[in-house]
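Notes to accompany the following structure.
Atoms within a ligand are numbered from 1 in the order they appear, just like the ligands themselves.
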Amino acid sequence: MKIVFATNNAHKLSEVKAVLGEGFELVTLKEVGIVEDIPETGETLDENASIKARYVYERTGLDCFADDTGLEVEALNGAPGVRSARYATDGHDFAANNRKLLRELEGVTNRKARFRTVISLIRSGEEIQVEGIVNGRIATEEAGCEGFGYDPLFIPDGESVTFAEMSADKKNSISHRGRAVAELVKVLTK
Ligand code: ITT
């Protein structure tokens, strides 16, 4: 099954490819001629996932899906949430985002957080959303160099190490994105 994945994030692409497996051929934005950044103007993850998928569908008419993900920290009232990519700066500066998160949580004992991924799928013009969540906590210092983004600071429930200290397979087996993609597969193979 051929499907466009509307992302410019190479880490997401490789994680999703690994979960989807052989039965799916993922087509990249570049391969369909979309080289510009898709504006993420929504106020929620659901809106942004939808905006990205629709942007691609309107230009290509091809079946496609988009992932919007946020880290929601309880003591920060759900921040950085939908602004996870642009938390510290305008760009995707992972190191600056992690530094800011540690600063905001200095001296805070409630470290509870969750990652939430919303995937918008457009198939034959019809849109469906699925979601994946992993609960966990924010570490007091960065650890590990696998993965990307906030992975060096996020310890999932039931584990003692961060996502960045796990193999890609292990992260995928318990992560927000792994879970959302498992739901996506259910829809695609129904
Ligand atoms: P696309 O929109 O092109 O897919 P993006 O990186 O802009 O890529 P998001 O808006 O969904 O994607 O990203 C939100 C940010 O959340 C992202 O830049 C990372 O900092 C962080 N993030 C997303 N998924 C993550 C994960 O699995 N582990 C750690 N951090 C993650």
Inset, instruction - Only counting residues at least two apart or in another chain, list the ones meeting side chain to side chain contact (heavy atoms under 4.5 Å, CB included) with F94. - result: H11, H92, F148
Inset, instruction - Just grab all the salt bridge (Lys or Arg N to Asp or Glu O under 4.0 Å) pairs involving residues 164-173, residues at least two apart or on different chains. - result: E15-K171, D151-K171, E159-K170
Inset, instruction - For the residue pair D67 and T69, confirm or rule out a side-chain donor-acceptor distance under 3.5 Å. - result: yes
Inset, instruction - For residues 133-145, pull every pair meeting salt bridge (Lys or Arg N to Asp or Glu O under 4.0 Å), keeping only residues two or more places apart or in separate chains. - result: none
Legend entry - Parallel, tilted or perpendicular: rings of F5 and F65 (30°, 60°): parallel
Inset, instruction - Tell me the residues surrounding ligand 1, counting only those with a heavy atom closer than 4.0 angstrom, sorted by chain and number. - result: T7, N8, N9, K12, E40, K52, D67, D68, T69, S84, A85, H92, F94, F115, F148, G149, Y150, D151, K171, H176, R177
Inset, instruction - Give the C-alpha distance, both sets of side-chain angles, the deciding distance and a yes or no for salt bridge (Lys or Arg N to Asp or Glu O under 4.0 Å) between K186 and E183. - result: CA-CA 5 Å; K186 280 189 207 160; E183 292 302 311; 3.0 Å; yes
